[in-house]
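When reading the values below, keep in mind they use all heavy atoms of this one structure, side chains included, and skip hydrogens, waters and symmetry mates.
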Protein chains: 2
Amino acid sequence: MVASLVGDPARANMLTALMNGRALTASELAQEAGITPQTASSHLSKLEAGGLIEPEKQGRHRYYRLTDPDVAGVLEGLAGLAARTGHMRVRTGPKDPALRRARICYDHLAGDLGVQMLDSLRERRLIKQKKQEIELTPDGQRFLSEHLQISSGMLTHPRRPVCKACLDWSERRHHLAGMLGAAMMNRFTELKWAARDATPGSRVVNFTRTGEKQFAALFGNGKD
Amino acid sequence: MVASLVGDPARANMLTALMNGRALTASELAQEAGITPQTASSHLSKLEAGGLIEPEKQGRHRYYRLTDPDVAGVLEGLAGLAARTGHMRVRTGPKDPALRRARICYDHLAGDLGVQMLDSLRERRLIKQKKQEIELTPDGQRFLSEHLQISSGMLTHPRRPVCKACLDWSERRHHLAGMLGAAMMNRFTELKWAARDATPGSRVVNFTRTGEKQFAALFGNGKD
DNA sequence: TCAATGCTTCGGCTATCATCGAAGCATGAA
DNA sequence: TTCATGCTTCGATGATAGCCGAAGCATTGA
């Protein structure tokens with residue numbers, strides 16, 4: 001059963017560490033979970049057998065990543081339930097507010113700012129919800145290439161949708177996932193608007209002073 | 001952690017039994033999980049503490065139900081992961097094809113037919129996706145009151161959305177959830193188009209001969 | 001009041017599994 | 001080859017937690 005895999009605290013810590021979309025080595029994950037490499041090795045093979053993570057050999061390192069954005073989605077869902085019922089394993093330290101404001105959800109922007117961005121895109125008709133998925137409008141394509149230098153050609157992927165709504169556990173509303181979500185986050189980083197927090201395993205995204213202004217200019221709404 | 005609650009086989013069986021949306025007594029759940037009432041009692045209090053289920057006293061019985069459609073959603077998500085990686089705890093008996101065709105997902109129709117229904121509603125513009133939720137169009141309201149005697153007044157609920165897309169683990173596409181999904185399933189039952197399978201705990205929905213025809217007339221598309 | 005039913009609490013048993021030390025393989029560097 | 005690093009396998013230990021029998025409450029019905 002998948003749930004029992006996620007249920008163990010050590011494994012849950014590892015998975016949480018992988019939620020930022022980066023691949024980590026076995027030793028890094030061991031440290032993240034606070035266990036010895038032997039124990040971690042056992043856990044990692046179980047997670048791999050369960051199809052939750054995927055290894056990639058590189059020299060004498062073994063990098064692990066989540067197999068799929070879907071896995072990240074289910075993990076977010078579980079976190080949402082936990083958050084709602086107040087039974088979170090989370091340390092509500094000083095990092096918490098920053099987490100709620102902006103964080104990495106697998107490979108795209110989540111938190112207050114992520115939700116705000118999707119709202120703005122929707123209100124200005126830059127995206128449209130057709131079928132059950134989100135679609136870029138022509139206006140949206142223009143907007144992206146003009147302001148963020150993202151062409152629609154960059155967004156095609158054989159198995160991953162361009163746009164997708166992803167439920168945000170802290171805001172309990174949707175933010176933008178999919179290829180576009182990833183591409184935009186990537187661009188923010190390139191433009192030095194924002195950077196992932198330096199502390200390893202952290203999901204926090206820090207915006208620079210000017211980055212915040214630019215972001216607000218594009219997607220802002222004074223309040224909230 | 002929520003996942004560890006779901007991880008235990010006995011508890012997972014109980015939750016699965018509750019996925020059909022009906023409330024079950026503690027003893028029924030004990031039998032469902034194949035354990036004694038004492039053990040079940042312990043599990044149930046843990047699930048309740050974790051906010052996954054909710055009790056309701058009635059005489060000397062204690063009925064339990066899932067607290068929320070969201071809980072059902074996460075459980076479906078986990079089932080989806082398990083199904084995909086082939087690591088399901090499910091007995092792939094003869095019931096499986098029937099399950100994939102039509103089943104109860106908490107309180108609405110899921111499986112092949114559920115997906116087909118949502119597709120049909122969408123194609124005929126009886127629903128529209130505005131914001132991140134589905135909305136009924138005026139045409140849709142007429143359609144419902146005319147063919148299924150469902151008025152929009154029946155669909156308002158303080159905390160539950162009228163329409164919602166729910167990811168189907170067997171089809172990996174969306175079907176219709178929310179108040180409307182529940183109301184429609186309910187109507188199908190009243191009209192004797194379909195009935196829940198008699199075996200206790202089963203999620204299978206059996207359509208009658210005429211029910212299948214009527215359903216196909218409303219939402220059908222020859223193939224698939 | 002007495003008895004029956006449904007559920008919970010308590011105590012003790014047992015099995016599972018996470019954990020780590022030590023040893024064994026790989027890979028890469030000198 | 002020799003050594004160091006990264007990871008895995010093996011074996012033993014220990015703690016957690018599921019499990020049930022017995023007893024204890026609560027509710028219903030006679």
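Contact check for B/L47 versus B/R11: side-chain heavy atoms found under the 4.5 Å cut-off.
Looking only at distances, a side-chain donor or acceptor of B/S45 sits under 3.5 Å from a matching main-chain atom of B/S41.
Under the 30°/60° scheme for interplanar angles, the aromatic rings of B/F207 and B/F188 are found to be tilted.
Of the candidates B/E48, B/E28, B/E54, B/R62 forms a salt bridge (Lys or Arg N to Asp or Glu O under 4.0 Å) with just one, namely B/E48.
Take B/A3 and apply the side-chain contact (heavy atoms from CB on, under 4.5 Å) test, not counting sequence neighbours, and it matches A/V6, A/L78, B/M1. Not counting sequence neighbours, the partners of A/S151 by the side-chain contact (heavy atoms from CB on, under 4.5 Å) test are A/M154. Every residue two or more places apart in sequence or in another chain was checked for a side-chain contact (heavy atoms from CB on, under 4.5 Å) with B/P37, and none qualifies. When the ring-ring contact (aromatic ring centres under 6.0 Å, His included) test is applied to B/H61, no partner is found at least two apart in sequence or on another chain.
Residue B/T25 is in sugar-phosphate contact alone, with no base atom involved, counting any heavy-atom pair closer than 4.0 Å across all strands shown. Here A/Y63 lies out of heavy-atom contact (under 4.0 Å) with every strand.
In this structure, the OH atom of B/Y64 is 12 Å from the C1' atom of C/dG6, given to the nearest Å. If you measure from atom CZ of A/R62 to atom C1' of D/dT5, you get 16 Å, rounded to the nearest angstrom. The nearest whole Å value for the distance from the CG atom in B/L47 to the P atom in D/dG18 is 10 Å. A/L44 places its CG atom 11 Å from the P atom of D/dT9, with the value rounded to the nearest Å. As rounded to whole Å, 13 Å separates atom C1' of C/dG6 from atom CG of B/L29. Between A/N13 atom CG and C/dA18 atom P there is a gap of 14 Å when expressed in whole angstrom units.
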Protein N or O to nucleotides 28-30 of chain C N or O, pairs below 3.5 Å:
none

Evaluate the side chain to side chain contact (heavy atoms under 4.5 Å, CB included) criterion for residues A/L29 and A/L18: first the C-alpha distance (whole Å), next the side-chain angles of each, then the deciding distance (0.1 Å), finally the verdict. CA-CA 9 Å; A/L29 288 168; A/L18 290 173; 4.1 Å; yes

Strictly under 4.0 angstrom, non-hydrogen atoms only: write out the protein contact profile of nucleotides 19-24 of chain C, one letter per nucleotide from the 5' end, B, S or -. SBBB--

